[in-house]
Amino acid sequence: MSEVRNYIRLPLRNLEQGKHTFDFSVNTGFFSEFQNPEILEGTVEISLDVEKFSHFMNVILFFSGTLTVTCDRCLEDIDIPVEDEYLLSVRFGEAPDEPEDENPNEDVMYVNADDDEIDLTVYVYESICLALPIQRVHEDDENGNSLCNPEMLKYIINN
């Protein structure tokens, strides 16, 4: 993978202690930089609620949007809504040699407190990808009929 531009950066050095909110929007260009052939297009709104303390900060990542992927059944494009929330604990200093007994539901990142900013681009991208369902197929209509491409369904049903 080529180097991805830093879309989502948070200031560290000049960020006052307390609560802050940062909003970002990403689109198809953002997803194409990761060269993931599964995500064809997308638009996602991102909000980072940050609470900074002296030795760490908590970042609540919330995102909502739509990604266009290929339907697993008929191979046509399908728009999948994505929405989720994650907690990231950013700790200032070096990572310990042995992992601490941390909450398994909490992501932890260690950064140098002297850094000017923290790049969360890859973390946000991976979080959005995790929000995609494992099986991606068109829904059924109100009568229970698949909204997949009927021509393709003929081949699937007859085999």
Side-chain angles (χ1 to χ4, degrees), residues 1-139 147:
M1 175 170 69
S2 64
E3 188 163 325
V4 176
R5 286 189 290 169
N6 303 335
Y7 280 87
I8 302 168
R9 294 179 294 202
L10 292 179
L12 281 181
R13 185 179 300 252
N14 297 326
L15 189 65
E16 300 282 329
Q17 289 188 26
K19 295 183 180 186
H20 310 274
T21 299
F22 300 89
D23 295 316
F24 300 89
S25 292
V26 295
N27 57 27
T28 302
F30 172 79
F31 295 104
S32 66
E33 286 206 28
F34 287 91
Q35 300 177 1
N36 179 348
E38 292 183 21
I39 299 175
L40 307 173
E41 296 179 3
T43 303
V44 178
E45 299 299 319
I46 299 160
S47 178
L48 299 172
D49 291 331
V50 177
E51 187 167 10
K52 185 176 182 188
F53 301 94
S54 60
H55 297 297
F56 72 98
M57 65 184 191
N58 286 327
V59 179
I60 298 174
L61 162 64
F62 176 78
F63 59 86
S64 177
T66 303
L67 300 179
T68 302
V69 297
T70 302
C71 175
D72 292 335
R73 185 183 299 140
C74 72
L75 305 178
E76 295 285 326
D77 291 355
I78 179 175
D79 291 334
I80 302 284
V82 291
E83 183 175 352
D84 216 336
E85 186 174 311
Y86 292 94
L87 171 63
L88 173 66
S89 180
V90 178
R91 301 192 182 164
F92 305 130
E94 292 188 26
D97 291 334
E98 300 210 11
E100 302 171 12
D101 291 332
E102 298 170 349
N103 181 348
N105 296 325
E106 179 183 64
D107 292 329
V108 178
M109 178 184 290
Y110 290 89
V111 297
N112 186 338
D114 294 331
D115 288 348
D116 290 334
E117 59 189 15
I118 179 174
D119 183 7
L120 296 178
T121 304
V122 174
Y123 177 79
V124 169
Y125 169 77
E126 290 175 349
S127 299
I128 292 170
C129 288
L130 287 172
L132 281 167
I134 292 172
Q135 187 176 29
R136 303 162 194 158
V137 296
H138 288 94
E139 294 182 2
L147 295 175

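- With Ile60 as the partner, the side-chain contact (heavy atoms from CB on, under 4.5 Å) test is satisfied by one option alone out of Leu88, Thr21, Asp49: Asp49.
- Around atom CG of Asp23, more than 12 heavy atoms belonging to other residues, nucleotides or ligands sit under 6.0 Å away.
- A 4.5 Å side-chain heavy-atom check between Val111 and Phe92 finds at least one atom pair inside the cut-off.
- In this structure, the side chains of Met109 and Leu120 come closer than 4.5 Å at one or more pairs of heavy atoms.
- In this structure the side chain of Arg136 reaches within 4.5 angstrom of the side chain of Pro133, judged on heavy atoms.
- Considering all non-hydrogen atoms of both residues, Asp115 and Leu12 come closest at O-CB, 3.4 Å.
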Is there a side-chain contact (heavy atoms from CB on, under 4.5 Å) between Val26 and Val124? Walk through the geometry before answering. CA-CA 10 Å; Val26 295; Val124 169; 5.9 Å; no
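- The distance from the CD1 atom of Ile80 to the CD atom of Glu139 is 8.0 Å, given to the nearest 0.5 Å.
- If you run ring pair (Phe, Tyr, Trp, His ring centres under 6.0 Å) between Tyr125 and each of Phe34, Phe63, Tyr7, only Phe34 comes through.
- Within the 4.5 Å cutoff, no side-chain heavy atoms of Phe62 are placed close to those of Glu45.
- Using modelled atom types and a 3.5 Å distance limit, the side chains of Asp107 and Tyr123 yield a donor-acceptor pair.
- Residues Ile118 and Met57 meet the side-chain proximity criterion, which asks for heavy atoms closer than 4.5 Å.
- The CZ atom of Arg13 sits 6.0 Å away from atom CG of Asp114, with the distance rounded to the nearest 0.5 Å.
- Rounded to the nearest 0.5 Å, atoms CG (Asn36) and CG (Leu67) are 9.5 Å apart.
- A donor-acceptor pair under 3.5 Å is formed between the side chain of Thr121 and the backbone N or O of Ile8.
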Evaluate His20 against Leu10 for side-chain contact (heavy atoms from CB on, under 4.5 Å), listing each step before the verdict. CA-CA 10 Å; His20 310 274; Leu10 292 179; over 6 Å; no
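- For the atom pair CZ of Arg91 and NE2 of His55, the computed distance is 12.5 Å after rounding to the nearest 0.5 Å.
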Given Leu15 and Phe22, is the side-chain contact (heavy atoms from CB on, under 4.5 Å) satisfied, shown in steps? CA-CA 12 Å; Leu15 189 65; Phe22 300 89; 3.9 Å; yes
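- Taking CD1 from Ile39 and CZ from Phe30, the interatomic distance works out to 9.0 Å, rounded to the nearest 0.5 Å.
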Take Thr43 and Asn27, measure what side-chain hydrogen bond (donor to acceptor under 3.5 Å, both in side chains) needs, and give me the verdict at the end. CA-CA 4 Å; Thr43 303; Asn27 57 27; over 6 Å; no
Would you please test Val44 and Val82 for side-chain contact (heavy atoms from CB on, under 4.5 Å) and show each step? CA-CA 8 Å; Val44 178; Val82 291; 4.3 Å; yes
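- Between the CD atom in Glu76 and the CG atom in Leu147 there is a gap of 12.0 Å [rounded to 0.5 Å].
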